[in-house]
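To start, the structure itself, in structure tokens.
Numbered from 1 within each chain, the chains take letters A, B, ... in sequence-line order.
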Amino acid sequence: MSKLNKIKGFSDLFPPQSSVFVFMEEKARQVFKRYGCKEIRIPVLEKTELFARTIGDETDIVQKEMYTFLDRKGRSLTLRPEATAGVLRAYIESQLHSRERVSKLFTFGPMFRYERPQKGRTRQFHQINVEVLGTQAPQADAELLIMLWAYLESLGLSGSLVLEINSLGCPECRPGFHQKLVDFLQALDQDKLCDDCRRRSRVNPLRVLDCKVPTCKSLVQNAPRICDHLCPDCKKHFEAVLSVLEEAGLSYRLNPFLVRGLDYYQRTTFEIVSSAIGAQTAVAGGGRYDGLCKALGGPDVPGLGFACGMERLALLLTDIKEQRMDFYLAVLHEQALNKALLLAQRLRKAGYAGEVSFEVKSVKSQLRLANKLNVKTCLLLGVDEIERGEIVVKDMQTGVQQAVSQDDLEQALGLNLS
RNA sequence: GUGAGUGUAGCUCAGGUGGUAGAGCCCCUGGUUGUGGCCCAGGUGGUCGCAGGUUCAAGUCCUGUCACUCACCCCA
């Protein structure tokens with residue numbers, strides 16, 4: 001093989017895999033529209049500084065996973081590792097907040113992280129992102145989750161998924177909790193923690209709560225829980241979110257150990273997990289990030305949102321059926337080639353989808369092809385038909401065929417389809 | 001960045017102890033004078049990931065290397 005192959009962690013999508021992605025996008029547009037969300041398109045490339053400031057300097061994403069390079073004028077640019085930073089940048093830059101009080105935005109597109117690929121994880125991956133700016137109402141948190149769930153239901157997936165939810169508190173209450181957690185961790189027998197957790201308890205104590213090593217898991221069972229240390233406002237907010245979810249009949253699992261990888265999250269945080277897609281279990285994740293907009297130099301506008309991993313959803317969407325074409329037009333004689341193309345063109349104008357042969361081949365091979373294409377109808381055009389101004393219309397389901405006048409072709413196909 | 005596993009036809013995979021590469025599926029053609037699916041017959045397609053080494057002889061053994069996969073880490 002030549003060296004001109006795709007780079008590690010990037011993928012080419014062909015049918016039927018590509019149609020799964022089309023399906024996910026179509027459903028997203030359909031569902032989000034009902035909640036007043038508007039689709040936006042933003043660049044995949046941004047100034048490196050944007051991500052460093054929003055995601056957090058200490059996170060793995062910024063430390064070692066970004067595709068960062070200098071452009072021809074020596075400016076540091078980065079292929080976006082996530083979408084929220086770019087959406088916020090665009091929101092601030094366009095001064096959208098001055099034109100509407102609440103903005104509900106969604107976008108799809110590729111993200112890039114330089115990680116070791118594995119199941120459910122590639123270097124270029126695709127997300128569906130929704131961001132709601134301009135409200136701190138707990139009803140907004142609840143509605144976002146309800147909408148996300150409705151979307152997953154529209155894909156036919158909700159049955160195998162679980163919503164996990166937690167509150168991370170705010171700059172008011174987090175420091176106090178943080179200190180309690182550090183105290184707790186230091187009081188533990190350090191030898192019993194795994195190597196990573198010994199490091200984490202210094203660098204990022206919240207992450208210890210999330211460790212998968214069984215001994216760490218059990219040690220941490222008695223750790224202080226942030227939900228017990230929320231300030232009155234955060235507590236009230238979180239309870240309000242949960243109560244709407246309950247009233248709406250959306251079941252959830254409280255996960256006091258749920259922390260998120262990006263620094264900007266506060267208060268409500270959540271993940272949708274599946275146990276059927278390998279070690280990377282999250283198909284969607286998100287939460288509230290009230291201070292982010294201001295931190296980026298914008299107005300002090302609260303916000304929340306989620307990202308949904310399309311490759312991970314696709315792992316669950318195995319039996320999406322390709323849409324099939326209406327007709328295949330088989331050409332049986334040189335003299336019929338041009339005429340066939342024009343007839344096919346007429347059918348397409350009438351709204352039918354189909355293909356016409358570009359060359360004369362045996363009836364057998366063309367019917368084989370029509371069968372393989374799974375078309376509803378095969379049309380056959382040879383010299384006999386040309387002479388009489390007719391065309392043969394064959395129903396591939398029943399095998400019944402009939403010569404009709406070319407003038408009545410649209411009508412004949414319509415009858416055939418019904 | 002760390003660990004494990006796997007590289008043979010487009011795909012899924014066979015190829016004891018070394019002896020000049022196979023099956024199924026797919027694709028193409030034919031079995032029908034202008035008729036698909038099922039069946040039957042035939043055909044296309046491989047420098048066995050790559051490079052060295054051992055040997056009379058390497059898909060098979062050794063070394064290196066690359067790629068892919070899964071897992072850790074981390075995350076959607």
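Within 4.0 Å of Asn129(A), counting heavy atoms only, lies no atom of the nucleic acid at all. At a threshold of 4.0 angstrom between heavy atoms, the contacts of Gln401(A) include nucleobase atoms, whether or not backbone atoms are also involved. Across all strands, Ala370(A) comes closer than 4.0 Å to no nucleic acid atom at all (heavy-atom distances). Across all strands shown, Lys364(A) has heavy atoms under 4.0 Å from base atoms, whether or not it also approaches the sugar-phosphate.
Here the separation of G7(B) from A14(B), taken at their C1' atoms, is 15 Å to the nearest Å. Atom name P, nucleotides G37(B) and U33(B): the rounded distance is 15 Å, in whole Å. As rounded to the nearest Å, U20(B) and C38(B) have C1' atoms that lie 39 Å from one another. When the C1' atom is compared between U47(B) and G5(B), the two are found 27 Å apart, to the nearest whole Å. A distance of about 40 Å separates the C1' atoms of U32(B) and G15(B), rounded to the whole Å. Using atom P as the reference point in both A67(B) and A76(B), the two lie 27 Å apart (nearest Å). Nucleotides U2(B) and C50(B), compared at atom C1', are 25 Å apart to the nearest Å. For the C1' atoms, the distance linking U60(B) with A71(B) amounts to 30 Å, nearest Å.
Taking the centre and axis of the six-membered ring of Tyr114(A), the NZ or CZ atom of Arg123(A) falls inside the cone set by 45° and 6.0 Å.
Taking for each of Tyr114(A) and Gly286(A) the nucleotide of RNA chain B with the nearest heavy atom, the 5'-most of the two is the partner of Tyr114(A). The nearest heavy atom of RNA chain B to Gln280(A) and to Gly382(A) marks one nucleotide each, and the one closer to the 5' end goes with Gly382(A).
Computed from coordinates, the Arg123(A) CZ to C74(B) P distance equals 18 Å when rounded to whole Å. We find that CG of Asp12(A) is positioned 17 Å from P of G10(B), with the value rounded to whole Å. Rounded to an integer number of Å, the gap from Leu373(A) CG to C27(B) C1' is 14 Å. Distance Arg368(A) CZ to C28(B) P: 8 Å, rounded to the nearest Å. Atom pair Ile7(A):CD1 and A67(B):C1' shows a separation of 14 Å (rounding to whole Å applied). We find that CD1 of Ile386(A) is positioned 16 Å from P of G34(B), with the value rounded to whole Å. Rounding to whole angstrom units, NZ of residue Lys394(A) and P of U35(B) are separated by 10 Å. In this structure, Leu369(A) places its CG atom 17 Å from C1' of G34(B), rounding to the nearest Å.
A 3.5 Å limit on both hydrogen-bonding distances identifies C68(B) as the Watson-Crick or G-U partner of G5(B). Nucleotide G22(B): paired with C13(B) (Watson-Crick or G-U wobble, both distances less than 3.5 Å). Across all strands shown, U44(B) forms no Watson-Crick or G-U wobble pair with both distances under 3.5 Å. When Watson-Crick and G-U wobble pairs are counted only if both distances are under 3.5 Å, U33(B) pairs with no nucleotide at all.
Residues Gln30(A) and Glu26(A) form no side-chain contact, since every pair of their non-hydrogen atoms from C-beta on lies 4.5 Å or further apart. Within the 4.5 Å cutoff, the side chain of Tyr91(A) has heavy atoms near those of the His97(A) side chain. Looking only at side-chain heavy atoms (C-beta outward), His237(A) and Thr268(A) come within less than 4.5 Å of each other.
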Q | Criterion ring pair (Phe, Tyr, Trp, His ring centres under 6.0 Å) on Phe327(A) and Tyr352(A), from CA distance to verdict | A | CA-CA 8 Å; Phe327(A) 70 88; Tyr352(A) 295 105; 7.1 Å; no
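One finds no side-chain N or O of Gln118(A) lying less than 4.0 angstrom from the OP1 or OP2 phosphate oxygen of C70(B). Applying the 4.0 Å criterion to OP1 and OP2 of G36(B), one finds that Gln366(A) has every side-chain N and O outside that range. Within the structure, every side-chain polar atom (N or O) of Arg113(A) is placed at least 4.0 Å from both OP1 and OP2 of C75(B). The phosphate of C68(B) (OP1 or OP2) has a side-chain N or O of Lys8(A) nearer than 4.0 angstrom.
When the nucleotides C72(B), U29(B), G34(B) are ranked by their closest atom to the side chain of Asp384(A), G34(B) comes out on top.
Residue-to-nucleotide contacts include no donor-acceptor pair under 3.5 Å from the side chain of Gln397(A) to the base of G37(B). The base of C73(B) sits with one of its N or O atoms less than 3.5 Å from a complementary donor or acceptor on the side chain of Arg121(A).
Using the six-membered ring where Trp is involved, Tyr289(A) and Tyr264(A) have ring planes that are perpendicular, over 60° apart on the 30 and 60° scheme. Aromatic ring orientation, Phe10(A) versus Phe112(A): tilted (interplanar angle from 30° to 60°).
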